[in-house]
Amino acid sequence: MLTLNYQNAGLRPHELEAVRPLVGAAFRTLADRTGLGREMLGWHDLPDAYDREEFARIQRAAKKIQQQSEVLVAIGIGGSYLGARAGLEFVKGPFGNRLRQGDGVEVYFAGSNLSPDYTQDILDIIGDRDFSVNVISKSGTTTEPAAAFRIFKAKLEEKYGKAGARERIYATTDAKKGALRGLAEAEGYETFVVPDNIGGRFSCLSAVGLLPMAAGGMEIERVMQGCADACARYREPELLENDAMLYAALRFILYTRGKTVEILASYEPALTMFGEWYKQLMAESEGKEHKGLFPVSANFTTDLHSIGQFIQDGSRTMFETVLWVKNARHAVAVPHDPANVDGLNFASGMDLQQMNEKAMLGTLLAHVDGGAPNLVLTIERRDDYAFGELVYFFWKSLAVSGYLLGVNPFDQPGVEAYKKNMFALLGKPGYEGAKAALEERLKAL
């Protein structure tokens with residue numbers, strides 16, 4: 001079970017009691033569905049309310065992909081890909097595509113950027129092998145995934161013909177409308193639904209994330225069980241009995257003290273993409289009206305050799321939330337070397353997990369002594385259940401945090417600004433009036 005340790009947060013005795021009424025009010029606002037963005041709370045009771053029939057279709061589609069293909073290309077951007085990629089690496093590790101554990105196919109993610117080199121690399125990795133595509137977009141008109149889908153769809157049709165390609169394309173999109181929905185119905189692709197009441201960054205335990213995860217070999221029943229157990233646990237209204245609520249309170253206290261940056265630090269490379277998912281969840285949800293904690297992720301001990309100096313001695317604007325995995329999957333010990341040229345014989349016979357834990361504890365104490373408060377979230381192991389549990393924990397805590405700040409945690413108005421400029425510069429119809437003005441501004445740069 002996920003646990004939260006806050007003894008190194010540097011709290012004053014009265015601080016939790018002081019914020020208890022505020023946190024309780026934010027928690028009730030969420031539970032009663034009376035706050036800003038309440039129409040986007042489909043994730044809140046997802047473990048009880050998700051579509052079991054669609055879930056079974058996802059499992060069948062994943063089996064079909066595994067039988068037909070060696071590779072699945074999942075096409076999406078933001079919440080349409082981050083959660084699935086985070087889950088696969090969390091469970092399968094960063095080398096999951098090479099290790100091919102269980103029945104899972106290799107899963108590669110396209111449509112999250114406009115890099116020709118990245119796209120061609122995926123095409124080269126596929127080579128002559130059989131592959132399928134899962135295109136994930138509520139509208140079907142988002143530039144990056146739309147461009148990627150055209151490319152991989154053309155590759156499928158060239159290899160299998162239109163009829164054969166149709167059997168290898170899965171569209172996750174709006175239930176009733178949009179360009180991708182219309183194309184999928186016209187072409188006969190199997191479709192899954194992006195729920196209307198769940199925003200992109202909360203969508204990874206809907207069809208958006210579950211199909212790529214299942215095709216890649218994750219046990220999505222266990223994912224949903226972890227989510228369901230967390231959902232039940234974090235309904236508890238008592239602050240000190242609800243770690244999701246408590247984490248929101250601690251973040252708020254530290255924020256009011258001038259700690260404006262939160263570093264999510266893990267000591268396991270398999271959690272790197274989870275850090276990317278966390279950054280989108282927190283930044284898009286809280287960063288409004290010139291408020292909010294700036295979320296950063298780091299992988300230790302690697303990043304201790306780069307940003308460790310700043311964390312230790314730089315400006316005191318940050319705190320750390322350490323995401324610690326208690327039990328490693330493998331035991332790998334340091335061998336004894338009679339010559340001891342590297343001076344490492346003090347660690348002879350020691351397991352790397354032991355060394356990693358001592359590094360984590362030593363770093364925590366050093367950073368706390370240097371003025372960076374630390375919270376520690378501990379999970380027992382990296383598995384499907386823990387991923388579902390952890391996702392719900394962050395969802396619930398983030399929603400309470402957003403209401404504490406007085407913002408709508410479920411919209412993202414600022415994201416649209418760059419899109420308008422990009423569309424104008426690309427010459428998209430309807431943006432002609434802005435193009436000339438933007439080009440004049442660019443000349444001055």
Side-chain angles (χ1 to χ4, degrees), residues 4-12 15 82 85-86 89-90 94 113 201 247-325 342-344 347 352-379 390 393-394 397-398 401-402 404-405 414 418:
L4 170 64
N5 183 322
Y6 59 98
Q7 67 183 28
N8 289 295
L11 292 188
R12 302 177 185 92
E15 286 183 293
L82 274 170
R85 185 169 179 183
E89 292 198 14
F90 185 98
N113 58 65
R201 57 192 178 274
Y247 177 52
L250 294 166
R251 294 175 79 243
F252 183 70
I253 290 168
L254 292 168
Y255 176 69
T256 60
R257 282 204 213 157
K259 301 298 184 184
T260 55
V261 177
E262 179 180 20
I263 302 172
L264 183 72
S266 72
Y267 286 74
E268 170 53 63
L271 272 59
T272 299
M273 283 306 303
F274 189 87
E276 295 300 303
W277 175 84
Y278 146 88
K279 286 192 294 188
Q280 189 206 10
L281 178 72
M282 298 301 191
E284 268 197 352
S285 298
E286 287 187 319
K288 291 151 195 172
E289 302 172 24
H290 300 174
K291 301 176 185 177
L293 284 159
F294 184 71
V296 178
S297 61
N299 192 266
F300 295 160
T301 60
T302 304
D303 287 333
L304 293 174
H305 295 257
S306 54
I307 63 171
Q309 171 64 37
F310 191 95
I311 296 171
Q312 188 68 45
D313 290 336
S315 60
R316 300 295 79 194
T317 58
M318 69 195 74
F319 70 94
E320 290 173 282
T321 297
V322 177
L323 184 50
W324 175 248
V325 182
D342 53 14
L344 195 63
L352 287 179
Q353 179 69 357
Q354 288 179 276
M355 296 179 70
N356 209 19
E357 183 177 20
K358 300 307 180 189
M360 183 271 287
L361 294 171
T363 301
L364 185 151
L365 292 174
H367 288 179
V368 169
D369 289 345
N374 268 242
L375 311 174
V376 181
L377 291 168
T378 300
I379 56 173
L390 200 57
F393 170 87
F394 277 102
S397 187
L398 177 277
S401 290
L404 279 170
L405 288 173
Y418 94 88

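Numbers for residues simply follow the sequence, beginning at 1.
In terms of heavy atoms, Leu254 sits closest to Ala9 at CD2-O, 3.9 Å. Here the shortest heavy-atom pairing between Leu264 and Gly275 reads CD2-CA, 4.2 Å. Of all heavy-atom pairs spanning Leu404 and Ala248, the tightest one is CD1-O, 3.9 Å. Of all the heavy atoms in Ser401 and Glu286, the pair that sits closest is CB-OE2, 3.2 Å. Listed here is the closest heavy atom pair of Val261 and Val296: CG1-CG2, 3.8 Å.
The side chain to side chain donor-acceptor pair (under 3.5 Å) search around Asp303 returns none, not counting sequence neighbours. Take Glu15 and apply the side chain to side chain donor-acceptor pair (under 3.5 Å) test, not counting sequence neighbours, and it matches Arg12, Arg257. Arg85 pairs by the side chain to side chain donor-acceptor pair (under 3.5 Å) definition with Glu89, not counting sequence neighbours. For the ring-ring contact (aromatic ring centres under 6.0 Å, His included) test, residues two or more places apart in sequence or in another chain that qualify with Phe300 are Tyr267. For Lys259, there are no side chain to side chain donor-acceptor pair (under 3.5 Å) partners at least two apart in sequence or on another chain. Partners of Lys291 according to the salt bridge (charged side-chain N to carboxylate O under 4.0 Å, His left out) rule, which considers only residues two or more places apart in sequence or in another chain, are Glu289.
Sorted pairs that involve residues 352-378 and meet salt bridge (Lys or Arg N to Asp or Glu O under 4.0 Å), not counting sequence neighbours, are lacking altogether. The list of salt bridge (Lys or Arg N to Asp or Glu O under 4.0 Å) pairs with a residue in residues 269-282, not counting sequence neighbours, reads Glu276-Lys279.
A distance of 5.5 Å separates CG in Leu250 from CG in Leu11, rounded to the nearest 0.5 Å. Note that the CG atom of Leu375 and the CG atom of Asn5 stand 8.5 Å from one another [nearest 0.5 Å].
Side chain of Ser397 to main chain of Phe393: no donor-acceptor pair is present (N/O by atom type, distance under 3.5 Å, no hydrogens or angles). Asn299 contributes no side-chain N or O that, together with a main-chain N or O of Ala265, makes up a donor-acceptor pair within less than 3.5 Å. Checking side-chain atoms of Ser285 against main-chain N and O of Met282 turns up no donor-acceptor pair under 3.5 Å.
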Would you list the atom pairs, donor with acceptor, under 3.5 Å between side chains in residues 359-366 and any protein atom, with sequence neighbours excluded?
residue, atom, partner, partner atom, Å
Thr363, OG1, Ala359, O, 2.7

Show me the donor-acceptor pairs within less than 3.5 Å that the side chains of residues 316-325 make with the rest of the protein, sequence neighbours left out.
residue, atom, partner, partner atom, Å
Arg316, NE, Gly314, O, 2.8
Arg316, NH1, Ile311, O, 3.1
Arg316, NH1, Gly370, O, 2.8
Arg316, NH2, Phe310, O, 3.3
Arg316, NH2, Ile311, O, 2.6
Arg316, NH2, Gly314, O, 3.1
Glu320, OE1, His367, ND1, 2.7
Glu320, OE1, Asn374, ND2, 3.2
Glu320, OE2, His367, ND1, 3.2
Thr321, OG1, Glu262, OE2, 2.6

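A perpendicular orientation is assigned to the rings of Phe394 and Tyr278, their planes being inclined by more than 60° (bins at 30° and 60°).
For the pair Arg251 and Tyr247, the distance from NZ or CZ to the six-membered ring centre is under 6.0 Å and the angle to the ring normal is within 45 degrees.
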